[in-house]
S.K.: 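I have a structure I would like to understand better, so I am pasting it below and will then ask my questions one at a time.
What you see is a predicted model; the values in this text were computed from it and never measured. Labels below follow one simple rule: chain letters A, B, ... track the order of the sequence lines, proteins then strands, and each chain is numbered from 1.
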Amino acid sequence: MYNSEIAKIFHEIALYLEMDNIPFKPQAYEKAAENLEILSEDIAEIYKSGGFEALEKISGIGKSMAEKIEEYLKKGKVKELEILKKKIPVDLEALISVEGIGPRKVKTLYQKLKIKNLSDLEKAARDHKIAPLDGFGEKTEQNILEGIEFLKRDKGRFLLGEIEPVVEEVIGKIKKIKEVKMISPAGSVRRKKETIGDVDILVSIKKTSQPAVAKAMAGKVMDFFVSLPGVVKIWGKGMTKSSVRMAGGFDMDIRVVPEKSFGSALQYFSGSKEHNIILRKIAIDKGLKLSEYGLFKGSKMIAGENEEGIYKKLGLKWIPPELRENSGEIEAALKNKLPKLVEPKDIFGDLHVHSNWNGGEDSMEELAQTAMKMGYEYIGISDHTKFLRIENGLDEKKLHERNKEIDKINSKFKIKNSKFRILKGCEANIMPDGSIDIDNKALSELDYVIAGVHSQLRMTKEEMTNRIIKAMENPHVDIISHPTGRIIKQREEYEFDFDKILEVARETKTVLEINSFPNRLDLKDTNIRKAKKAGVKMIINTDSHTKRTFPLMKYGISQARRGWAEKGDIINCWPVEKMKSFLKKS
DNA sequence: GCCGTTTTCGGCCCGACTGTTTTCAGTCG
């Protein structure tokens, strides 16, 4: 896809222009880059069918940028960027990823010290060559070294699943301070992004007419925050904002805001930046001004205590944080057409659970007991099949035995007058040729069949696409587990044609899994949205090998929400009979 | 550089903090 390549080029041009302090042009390039990223059609196709004029019609693209796109499509490069790069030949993307370093500092560092990349930067900082430069200093030099360390470890982003439990604990503790009125996470934690750069927490303190008292209360919160267990470094501590590094290696910021501005601050710090820019523009169009302090008409504050009020005054329905990425949610809110997103209470059960029959931790009965306690109506046991020897995969005979055991447990439930049921499933392996590693007769004894790719992940795009298609065409296969195969921060998704998979999934009524494991979250949000649009049904599963990971379901749910999924899109939000009849493909 | 029933010229989102300064540039969200 050329879109993201060209977006990257425009992004880089923007950075170079910022280096020279050129006003407004950088934003224009950033804007264009962003529009290209979210454009669903292929830019090369647009050019092929509509020519230069079609390029100019794309929002944010004018004559000059259309020329650059044309140039790139024809020659594979953009001369203007080549010239800029020649002037300051540095690894811009890497250098600005260091906290506190921006394009202007990159320029100075190159001109004074010939720093081109991260290792140059690290060496210069270690040799104390940076502190003497104009505009730099001891502190900056130290921050650079720490910033580089941070980057080296985990590329500076953390899984939501690692971060959120810590955030919840911290919030729980701060909540207990009696001066605290409201508290909420903000930023990407609140939007439930799959990875988190740093954490923002927002606090309001109880109303008082005396500024000195307010100050003392804020001070108390700040003192408490920076002395929390788990804080390893204090970056800064003030009356309105403090910032710390946690033992987990990530940073956490807290802000104290007045009660009357809590909603506007929450809105503002929840982002995304792109979402907020549009909101501010809407405010301006209405003759208003929106900031973290409130929504103002002249000097009069007309909203700010809560988010709903702000959105309402701007003519919008309140938008769930998971949607705030400027990817159509504002338009939808204007037309009152926001989706009714799936919620934890909508989930009836989990169909991707491994028992001790295939090397999992817990017996089927224990798993069922835990699921019942969570309020589920059913649980599906989907043990691995024989190809996965390392996971103790079951062969036809073992699978049959296991099924009989499930019948036994289910009849016990019946005696106890419980509605709860264990469903018989498996997670079969999709072989490189697309066949399933266990025979159809064994599969036909099951309530449902999950199939997944677990081996030989490196194939050509065509081979992998055909492999998965063939599996979906098996009349017994109901669900494809972790369909893209990615592991966040470890492994890219495999090469395959997702659009084609969607087509066949719809035709064969195959369900695609949203795997809830924090390092999988597969499908990812953009895939989910595509699937929904294509009319393909999905299921949110945990892929648990122990009852302890049942609660991870919430990450799958938030991922589904980020993908605009509603109850109707997710089959484990349906009553069990409806779900079962949908699964029976043949 | 882009955009436009307020405009083909004059606007582009806003504010705070840090580290460097001694009034502010750069970065960040």
S.K.: What residue among A:E164, A:E325, A:E274 forms salt bridge (Lys or Arg N to Asp or Glu O under 4.0 Å) with A:R191?
M.R.: A:E325

S.K.: To the nearest angstrom, how far is A:K68 atom NZ from B:dC2 atom C1'?
M.R.: 12 Å

S.K.: Taking any heavy-atom pair under 4.0 Å as a contact, classify A:P103: base, sugar-phosphate, or nothing.
M.R.: sugar-phosphate

S.K.: Using atom CD1 of A:I144 as one end and atom P of B:dC28 as the other, report the distance to the nearest whole Å.
M.R.: 11 Å

S.K.: What pairs of donor and acceptor atoms, side-chain ones from residues 125-138 of chain A against any protein atom, are under 3.5 angstrom apart with sequence neighbours left out?
M.R.:
from   : atom 1 : to     : atom 2 : distance (Å)
A:R126 : NH2    : A:E122 : OE2    : 2.7
A:D127 : OD2    : A:K123 : NZ     : 3.1
A:H128 : ND1    : A:E141 : OE1    : 2.7

S.K.: Round to the nearest Å and state the distance from A:N143 atom CG to B:dT18 atom P.
M.R.: 11 Å

S.K.: Classify A:L17 by what it touches in the nucleic acid, base, sugar-phosphate, or nothing, heavy-atom distance under 4.0 Å.
M.R.: nothing

S.K.: Rounded to whole angstroms, how far apart are NZ on A:K107 and C1' on B:dT27?
M.R.: 17 Å

S.K.: So what does A:V98 hit on the nucleic acid, given a heavy-atom distance under 4.0 Å: a base, only sugar-phosphate, or nothing?
M.R.: sugar-phosphate

S.K.: Between B:dG19, B:dA16, B:dG26, which nucleotide gets closest to the side-chain atoms of A:Y293?
M.R.: B:dA16

S.K.: Do any N or O atoms from the side chain of A:S204 and from the backbone of A:E259 form a donor-acceptor pair under 3.5 angstrom?
M.R.: no

S.K.: So do A:V90 and A:D120 actually touch side chain to side chain, heavy atoms under 4.5 Å?
M.R.: no

S.K.: Taking only N and O in the side chain of A:N21, is any of them less than 4.0 Å away from OP1 or OP2 of B:dG26?
M.R.: yes

S.K.: Give me the distance, rounded to whole Å, that separates B:dC2 from B:dT6 when you measure between the P atoms they each carry.
M.R.: 23 Å

S.K.: Could you pull out all donor-acceptor pairs under 3.5 Å where a side-chain atom in residues 275-284 of chain A meets a protein atom, sequence neighbours excluded?
M.R.:
from   : atom 1 : to     : atom 2 : distance (Å)
A:H275 : ND1    : A:E329 : OE2    : 2.7
A:H275 : NE2    : A:Y311 : OH     : 2.9
A:N276 : OD1    : A:Q267 : NE2    : 2.9
A:N276 : ND2    : A:Y268 : O      : 2.8
A:R280 : NE     : A:L290 : O      : 3.4

S.K.: State whether the side chain of A:N3 and the backbone N or O of A:E41 hold a donor-acceptor pair below 3.5 Å, judged by distance alone.
M.R.: yes

S.K.: In Watson-Crick or G-U wobble terms, both distances under 3.5 Å, what is the partner of B:dT8?
M.R.: none

S.K.: Sticking with atom P, work out how far B:dG26 lies from B:dT21, rounded to a whole angstrom.
M.R.: 13 Å

S.K.: Nearest-nucleotide wise, let me know which of A:L133 and A:I101 is further upstream toward the 5' end of DNA chain B.
M.R.: A:L133

S.K.: Starting at atom CG of A:L84, determine the distance to atom C1' of B:dG1, rounded to an integer number of angstrom.
M.R.: 14 Å

S.K.: Please give the distance between the P atoms of B:dA16 and B:dG11 as a whole number of Å.
M.R.: 24 Å

S.K.: For atom C1', what is the distance between B:dC14 and B:dC9, given to the nearest Å?
M.R.: 24 Å

S.K.: On a whole-Å scale, what distance lies between the C1' atoms belonging to B:dT8 and B:dG15?
M.R.: 33 Å

S.K.: Say we look at B:dC17 and B:dC13: how far apart would their P atoms be, to the nearest angstrom?
M.R.: 22 Å

S.K.: If you measure from the P atom in B:dT20 to the same atom in B:dC28, how many Å do you get, rounded?
M.R.: 15 Å

S.K.: Heavy atoms only, 4.0 Å cut-off, all strands: where does A:S59 land among base, sugar-phosphate and nothing?
M.R.: sugar-phosphate

S.K.: Considering every strand and a 4.0 Å limit on heavy-atom distances, what is the contact class for A:K105: base, sugar-phosphate, or nothing?
M.R.: sugar-phosphate

S.K.: Applying a 4.0 Å non-hydrogen cut-off, can you work out what A:L279 is touching in the nucleic acid: base, sugar-phosphate, or nothing?
M.R.: nothing

S.K.: Any side-chain N or O of A:S291 less than 4.0 Å from the OP1 or OP2 oxygen of B:dC14?
M.R.: no

S.K.: If the C1' atom of B:dT5 is compared with that of B:dG1, how far apart are they to the nearest Å?
M.R.: 23 Å

S.K.: Output the rounded distance in Å from CG (A:D251) to C1' (B:dC28).
M.R.: 13 Å

S.K.: Give a yes/no on whether any side-chain N or O of A:T240 is located under 4.0 angstrom from OP1 or OP2 of B:dA16.
M.R.: no

S.K.: Which whole-number value in Å describes the distance from A:K289 NZ to B:dC14 P?
M.R.: 8 Å

S.K.: With sequence neighbours left out, which residue pairs that include part of residues 10-40 of chain A fulfil the ring pair (Phe, Tyr, Trp, His ring centres under 6.0 Å) condition?
M.R.: A:F10-A:Y29

S.K.: Produce a footprint string for nucleotides 4-13 of chain B: one letter per nucleotide, 5' end first; B if the base is under 4.0 Å from any protein heavy atom, S if only the sugar-phosphate is, - if neither.
M.R.: --------BB

S.K.: Could you state the CD-P distance from A:E18 to B:dC28, rounded to the nearest angstrom?
M.R.: 10 Å

S.K.: Under the side-chain contact (heavy atoms from CB on, under 4.5 Å) test, which residues partner A:A66, sequence neighbours left out?
M.R.: A:F52, A:L55, A:E56, A:I61

S.K.: 5'-most contact on DNA chain B: A:E141 or A:G62, nearest heavy atom basis?
M.R.: A:G62

S.K.: Please tabulate, for side-chain N and O atoms in residues 177-188 of chain A, each donor-acceptor pair with protein atoms closer than 3.5 Å (sequence neighbours left out).
M.R.:
from   : atom 1 : to     : atom 2 : distance (Å)
A:E179 : OE1    : A:K220 : NZ     : 3.2
A:E179 : OE2    : A:K220 : NZ     : 3.3

S.K.: With the side chain of A:K139 defined as its heavy atoms from C-beta on, choose the nearest nucleotide among B:dG1, B:dG26, B:dG19.
M.R.: B:dG19

S.K.: Please tell me whether A:S64 and A:K68 have a donor and an acceptor in their side chains that are separated by less than 3.5 angstrom.
M.R.: yes

S.K.: Reckon A:K31 touches a base, only the sugar-phosphate, or nothing at all at heavy-atom distances under 4.0 Å?
M.R.: nothing

